[in-house]
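Presented below is the structure to which this report refers.
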Protein chains: 2
Amino acid sequence: MAAAAAGKRDDELTFVTDGLGADLDALLVFSILRTHSYLSPLCEAALRDRRITGAQFNALLLLRSAGKAGLKMGALGERLVVTKSNVTGLVDRLERQGLAERAGTSDRRATVVRLTKAGRVLMDRASPRHAAHLAELTACLSAGEKRTLIRLHSKLRRELRQLRRQKKGAA
Amino acid sequence: MAAAAAGKRDDELTFVTDGLGADLDALLVFSILRTHSYLSPLCEAALRDRRITGAQFNALLLLRSAGKAGLKMGALGERLVVTKSNVTGLVDRLERQGLAERAGTSDRRATVVRLTKAGRVLMDRASPRHAAHLAELTACLSAGEKRTLIRLHSKLRRELRQLRRQKKGAA
DNA sequence: CGTAAATAGTTTATATATGGACTATCGACA
DNA sequence: TGTCGATAGTCCATATATAAACTATTTACG
């Protein structure tokens with residue numbers, strides 16, 4: 001029975017999936033979305049001291065990897081899996097906080113975003129602590145369970161990326 | 001190597017986790033958050049014909065289960081894992097669309113929310129189609145893999161719920 | 001009984017996110 | 001070379017989400 005696989009009855013997920021007949025697929029999708037609901041705010045909590053959000057942290061992480069060459073707005077959006085209009089606002093706020101900066105390119109349509117010195121300093125301080133915090137959040141799972149989750153998520157994501165591209169092509 | 005467990009190098013997740021040293025825990029957390037980034041908009045796409053969003057659909061699902069007794073605002077928020085201030089706006093929009101309605105209770109602080117007839121009709125039409133859509137999205141996984149994912153997510157969520165309660169109690 | 005603490009919901013300010021319309025620029029090719 | 005379509009980014013309207021401050025009740029207990 002699907003409900004048994006999901007754990008005890010006190011898992012509030014069953015409240016939601018009750019309404020969909022609690023079949024395996026609905027249960028899986030809701031399970032993933034619901035885990036995100038718990039995980040995402042808990043990840044952000046540790047960043048609050050630094051006055052940045054989870055979305056900002058992820059953007060800064062990518063910008064740090066990109067080094068002084070920076071990343072084009074579009075590339076940033078692609079890697080964060082968000083729309084370009086979202087990137088505009090996100091970078092606006094990072095710029096306002098002095099953590100990142102825009103710069104023009106030879107292609108005058110394009111803009112690159114780079115970490116500022118302040119941004120680099122913040123990330124060098126925040127990211128080890130953040131990594132430690134993520135380890136705490138997932139401490140209840142064994143290394144094997146983590147690897148299994150990573151593998152299955154990767155498999156699912158590969159498929160979802162395909163479906164997403166199909167939709168985009170059709171539109 | 002952790003990167004191998006996550007799949008090929010073309011998985012853009014590696015871009016992000018590069019910045020954190022790609023240890024197992026960071027990879028797992030980002031994996032879950034990133035899967036959500038793909039899954040959530042794909043779930044919503046099928047609801048767009050009905051002029052409702054994913055959040056609204058989930059709320060309506062819970063309200064349908066609750067029947068004519070309805071759900072208190074707070075209970076709705078708890079089951080959706082969102083804050084009470086979010087529920088206010090969500091129910092405002094459902095009410096404006098004529099899909100749900102507020103009603104007073106004997107406890108004059110509390111408000112219950114109920115589906116309207118229009119809301120019930122919409123859900124009865126939309127939810128079988130939605131369930132079929134969710135099945136399509138997860139078709140690449142075997143039943144065993146789905147059960148494994150559901151079980152591990154449930155285990156992780158149980159722990160995260162504990163951590164969340166601790167934080168709340170401390171504040 | 002009467003007040004202090006807890007509870008239920010709203011309001012406000014802000015961040016995240018989308019889709020669609022718009023502007024500017026680049027590239028292809030007739 | 002001129003123009004037409006694709007590309008890069010911004011702007012607008014709207015939905016989702018939070019935290020913090022606020023109002024109105026209810027409950028606990030002294």
Worksheet item: Hey, is the side chain of B:R109 poking within less than 4.0 Å of OP1 or OP2 on D:dT27, counting only N and O atoms?
Response: no
Discussion item. Please compare A:G74 and B:G89 by the position of their nearest nucleotide in DNA chain D and report the one closer to 5'.
Written reply: A:G74
Fill in: Rounded distance (Å) that lies between atom P of D:dT16 and atom CZ of B:R93
4 Å
Worksheet entry | Straight-line distance of B:H153 NE2 to A:L27 CG, nearest 0.5 Å | 11.5 Å
Worksheet item: Quick one: is C:dT10 close enough that its OP1 or OP2 comes under 4.0 Å of any side-chain N or O from B:R102?
Response: yes
Fill in: Residue A:N86, side-chain atoms from C-beta onward, closest of C:dT18, C:dT25, D:dT26
C:dT18
Practice prompt. Please state how far atom NZ in A:K84 lies from atom P in C:dT23, giving the value in whole angstrom units.
Written response: 14 Å
Worksheet item: More than 12 foreign heavy atoms under 6.0 Å from CZ of B:R102: is that the case here?
Response: yes
Practice prompt. Using heavy atoms to find the nearest nucleotide of DNA chain C for A:T83 and B:K72 separately, return the residue whose nucleotide is more 5′.
Written response: B:K72
Item to complete: Counting heavy atoms from C-beta on, name the nucleotide in D:dT26, C:dA15, D:dA8 closest to the side chain of A:A110.
Response: D:dA8
Practice prompt. Using a heavy-atom cut-off of under 4.0 Å over every strand shown, decide if B:T105 touches base, sugar-phosphate, or nothing.
Written response: nothing
Item to complete: Would you give the length of the straight line joining atom CD1 of A:I150 to atom CZ of A:R147, rounded to the nearest 0.5 angstrom?
Response: 8.5 Å
Worksheet entry | Interatomic distance where CG belongs to B:D92 and C1' belongs to C:dT12 [whole Å] | 14 Å
Discussion item. Whether B:R48 contacts C:dG19 is assessed here as follows: a side-chain N or O lying under 4.0 Å from the phosphate OP1 or OP2. Is that the case?
Written reply: yes
Worksheet item: Which nucleotide sits closest to the side chain of A:V82: D:dA17, D:dG9, C:dT18?
Response: C:dT18
Practice prompt. Please examine the side chains of A:H130 and A:R50, heavy atoms only from C-beta on, and report whether any two atoms are closer than 4.5 Å.
Written response: no
Practice prompt. Quick one: pull up NE2 in A:H36 and CD1 in B:I32 and give me the separation to the nearest 0.5 Å.
Written response: 10.0 Å
Discussion item. Output the rounded distance in Å from CG (B:L76) to C1' (D:dA17).
Written reply: 14 Å
Fill in: Separation of atom CZ in A:R51 from atom P in D:dA19, rounded to whole Å
13 Å
Worksheet item: Only one of B:R165, B:Q166, B:R158, B:E159 forms a side chain to side chain donor-acceptor pair (under 3.5 Å) with B:Q162, so which one is it?
Response: B:R165
Worksheet item: Has A:R96 got a side-chain N or O lying under 4.0 Å from the OP1 or OP2 atom of C:dA15?
Response: yes
Worksheet item: Which is true for A:Q56 with a 4.0 Å heavy-atom rule: it touches a base, it touches only sugar-phosphate, or it touches nothing?
Response: sugar-phosphate
Discussion item. Once hydrogens and angles are ignored, does a donor-acceptor distance under 3.5 Å link the base of D:dG9 to the side chain of A:S85?
Written reply: no
Discussion item. Expressed as a whole number of angstroms, how long is the span from B:L47:CG to D:dA15:C1'?
Written reply: 14 Å
Item to complete: Could you tell me the separation between the CG atom of B:D107 and the C1' atom of C:dA6, rounded to a whole number of Å?
Response: 12 Å
Worksheet item: Reckon B:T111 touches a base, only the sugar-phosphate, or nothing at all at heavy-atom distances under 4.0 Å?
Response: sugar-phosphate
Item to complete: Specify the separation, in whole Å, of atom CE of A:M73 and atom P of C:dA17.
Response: 14 Å
Worksheet item: Using a cut-off of 4.0 Å on non-hydrogen atoms, how would the nucleic acid contact of A:S106 be classed: base, sugar-phosphate, or nothing?
Response: sugar-phosphate
Fill in: Out of C:dC26, D:dA17, D:dA15, whichever nucleotide has its closest atom nearest the side chain of B:T53
D:dA15
